[in-house]
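The structure presented is a predicted model; accordingly, all values stated were derived computationally and were not measured. We use all heavy atoms of the structure for the numbers below, so side chains are in, but hydrogens, waters and symmetry mates are not.
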Amino acid sequence: MIQRSTKRLHLRALVVDDELTSLTAEGRAARALVHELKGRSMDVVEAASAEDGHSVILSDSALHAILMDWTLGGDHDHANATSLLDFVRSRNDKIPIFLMAERGEASSIPTSVMEQVDEFIWTLEDTAAFVGGRVAAASKRYLEVMMPPLAAALMKFTQEYEYSWHTPGHTGGTAFLKSPVGRVFFDYFGENLLRSDLSVSVGALGSLLDHTGPIGEHEKYAARVFGAHRTYCVTNGTSTSNRLIMTAAVARDQIALCDRNCHKSIEHGLVLTGGVPTYLVPLRNRYGIIGPIPPSRLAKTAIDAAIGANPLVGAGIERRPVYSVITNSTYDGLCYNARRVQELLDPSVDRIHFDEAWYAYARFNPIYRDRHAMHGDPVDHQGPTVFATHSTHKLLAALSQASMLHVRDGRSPIPHARFNESFMMHASTSPFYPIIVSNDVTTAMMDGPGGPALTGESIEEAVAFRQTMGRVHRQFVEKGDWFFNTWNPDRLEEADAHELATNPDAWVLHPGESWHGFGDIEDGYCMLDPIKVSVVTPGVKEEGGLGTSGIPATLVTAYLHRRGIEVEKTTDFTLLFLFSIGITKGKWGTLLNALLDFKRDYDRNTALAEVLPEILAAGPDVYRGLGLRDLAQEMFAQLRDTRQTHWLAEAFSTLPAPVMTPAAAYQRLVRDRIEHVPLDRLADRVLATSVVPYPPGIPMLMPGEATGAANGPYLSYLRALSLWDSRFPGFGHDTHGVENRGGTYYVQCLKADADGER
């Protein structure tokens, strides 16, 4: 028989008692209890102080019971035990806690403590066998209530070891065991994962398409936790969630209000639906960071004017929009006051979609109050129907491709039966169950005190990093030297860390503040999310434009990559780091050390052969003999000469001329009525596909839009990118919709005879 192993859950208890090693009656009783628990196949972690217990609880989440001495450290005021109790309950309101005390102390235990404790252990009276049984039973009950509905059902099913006569063909992994390469795959991923890869034929788990059984219970549970009237689990990412909403809400030739700072999936939605886009343009600052859409552009008069000026809105098209989409938060972490956005859009549209792919955690920390789509109590919701889409895999703990779609029904609701037709159009009939279960588990992680605790830790770590960076930056500046800084309110390092981690006003963009660069913005309308940290490199003047010297961020990114540090996003002079719930002090401490090392190697002009050998290998004739500072200076001079940063801001702050809808342009693409046009002949052509420069990953030109003049912002920006790619091998740009053929940019355009057609 093939030797196989399936990992089982082991019960684990923490015993916190300073007398564990003492030769006292209480010490002997505590040791006897530890021995009894181990005899019941429970793992036991021993802590001899409140401080030690605190550290274990903080670092070890695999605990199923906690046993705590009421007189920790001989403290007859019980401050140590009370503080530890409070800490446990601030993170977990379900784990069973047993308080170990002498019976004579029962009358002095405060009611507030009794409410936090599940059971009392009279250490000198109860037998170890009796208490051990109580602890084991409570731990098993805790496991049952801890697991959310779908996760519990799937784990139960996979442990029943039923013979499978349905798909998938590997049948719990056994097929892989018949092949050497398959066995490697089986051993790498493990039996539990493969036994969890099931067919939709398994009725015990319900149906993702019908939203029944444990899967349906999971969606109801998620709706409660995330504050929705109903929630849909999506296994193809938030790109699919966005398209799903649009195909349910927008019909051909209906107007859709679209944030120009949108994901490419919004363009796909326009292609699928045949909707007519009217774009809402956000602000940009001196670094090229995308800001909010100003309130003035969301007012009904402004929207009516934009629709009236839109050449795609012809005769016979209903002028009232049927749908709007706003990106919240932006890629760089700017969060709207969602309540204010709904108030502004209310007169214009009946369905508001907040694309919150990078913002699924917002409901679970009070610092984001009113700044996310599902704010407040769903019972109180009035006005437009509101949608939110969350990539639960991005900054929560779900597996890749996991997404959730939340709905609060209001005006013009889309009934479930109709909405589900769109859902089934996009959903797979063979979903990967571990993805669905990961959504269930990440929901449970956010439920109760867990959500505020986990998000609070992320915010605290981000604040600590920002403050440390601010202090180091100031120390160098005071010596007349340079260092990187973080993009946030000035002199953040002088503020109280607790205030920064809990008070949203510390992060609000107030009108006229120079740090954010968005001018006289409405006070309270927008807030910087503290966990999305942009590190700024030298080179951009406070009043805008480039200085006389600087360090392009792409060079810093290459240096960090060499050190095993991956950056989320790099622009000309910013690097974005995400402080998700998996960030630790060691992780950001390593980042800070790497930035200090960059400064050292830059100041010394260390040879590229030493610090960036891969870059030297990519262009030996270009980089031979250069040091790190030499390359930075050449790169900065290129940015200044081509005005790349300027053209970026111009291109994304203005709207191209629309000639036809994205759907109409796509039809011509499918019929091959297109041609590949080089950059030097691209002036005044109509695009068949979008052009999406990365970064920032936002469409600069949409299908059906005109490229404009050769010296206009769109082609000037592409020309600057092309010149950069030719000049600096190994630092090329990734621009979707652009094909680089031997150093020449080509873009798919409609053939000239089709340009004027709608």
Using a 3.5 Å cut-off and no angle test, enumerate the donor-acceptor pairs between side-chain atoms of residues 615-623 and protein atoms at least two apart in sequence or in another chain.
unit_1: D621; atom_1: OD1; unit_2: R624; atom_2: NH1; d: 3.4
unit_1: Y623; atom_1: OH; unit_2: P729; atom_2: O; d: 2.7

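- Checking side-chain atoms of S403 against main-chain N and O of H390 turns up a donor-acceptor pair under 3.5 Å.
- Between Y331 and the choices E568, K569, K532, the side-chain hydrogen bond (donor to acceptor under 3.5 Å, both in side chains) rule is met once, by E568.
- Contacts classified as salt bridge (charged side-chain N to carboxylate O under 4.0 Å, His left out) and involving residues 593-602 (residues at least two apart or in different chains) are given here: D481-K599, R563-D597, D597-R600, K599-D603.
- Classification of R260 and E705 as a salt-bridged pair holds, one side-chain N sitting under 4.0 Å from a carboxylate O.
- For H393, there are no side chain to side chain donor-acceptor pair (under 3.5 Å) partners two or more places apart in sequence or in a different chain.
- Formation of a donor-acceptor pair under 3.5 Å by the T707 side chain with backbone atoms of D684 is found in this model.
- With hydrogens and angles left out, the side-chain atoms of T278 and N310 include a donor and acceptor closer than 3.5 Å.
- The stretch residues 541-558 participates, sequence neighbours left out, in these side chain to side chain donor-acceptor pair (under 3.5 Å) pairs: S514-E542, T557-T570.
- Listed by chain and residue number, R466, T486 satisfy the side chain to side chain donor-acceptor pair (under 3.5 Å) test with N488 (two or more places apart in sequence, or in another chain).
- Legend: residues meeting side chain to side chain donor-acceptor pair (under 3.5 Å) with D490, ordered by chain and number and at least two apart, are absent.
- Summarising the geometry, atom OG1 belonging to T645 is positioned 11.5 Å from atom CZ belonging to R640; distances are rounded to the nearest 0.5 Å.
- By the salt bridge (Lys or Arg N to Asp or Glu O under 4.0 Å) test, K264 is found to be paired with E267, residues two or more places apart in sequence or in another chain being considered.
- Aromatic rings from F598 and Y559 are positioned such that their centres are separated by under 6.0 Å.
- For the ring pair (Phe, Tyr, Trp, His ring centres under 6.0 Å) test with F476, the passing option among F483, W482, F484 is F483; the others fail.
- Checked against side chain to side chain donor-acceptor pair (under 3.5 Å), S726 has no partners two or more places apart in sequence or in another chain.
- Applying the ring pair (Phe, Tyr, Trp, His ring centres under 6.0 Å) criterion to Y525, with sequence neighbours excluded, gives Y336.
- For H733 and Y694, the ring centers are positioned 6.0 Å apart or more.
- Taking the ring pair (Phe, Tyr, Trp, His ring centres under 6.0 Å) definition, one finds that Y368 meets it with Y359, Y361, sequence neighbours left out.
- Checked against ring pair (Phe, Tyr, Trp, His ring centres under 6.0 Å), Y745 has no partners two or more places apart in sequence or in another chain.
- Look at E650 and R643 and you find no salt bridge, because none of the NZ, NE, NH1 or NH2 atoms lies under 4.0 Å from a carboxylate O.
- Applying the salt bridge (Lys or Arg N to Asp or Glu O under 4.0 Å) rule to E499 yields no partners; only residues at least two apart in sequence or on another chain are considered.
- Annotation: F465 is in aromatic contact with W588 [ring centroid separation under 6.0 Å].
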Step by step, work out the side chain to side chain contact (heavy atoms under 4.5 Å, CB included) result for Q342 and F354. CA-CA 10 Å; Q342 288 174 217; F354 288 94; 4.0 Å; yes
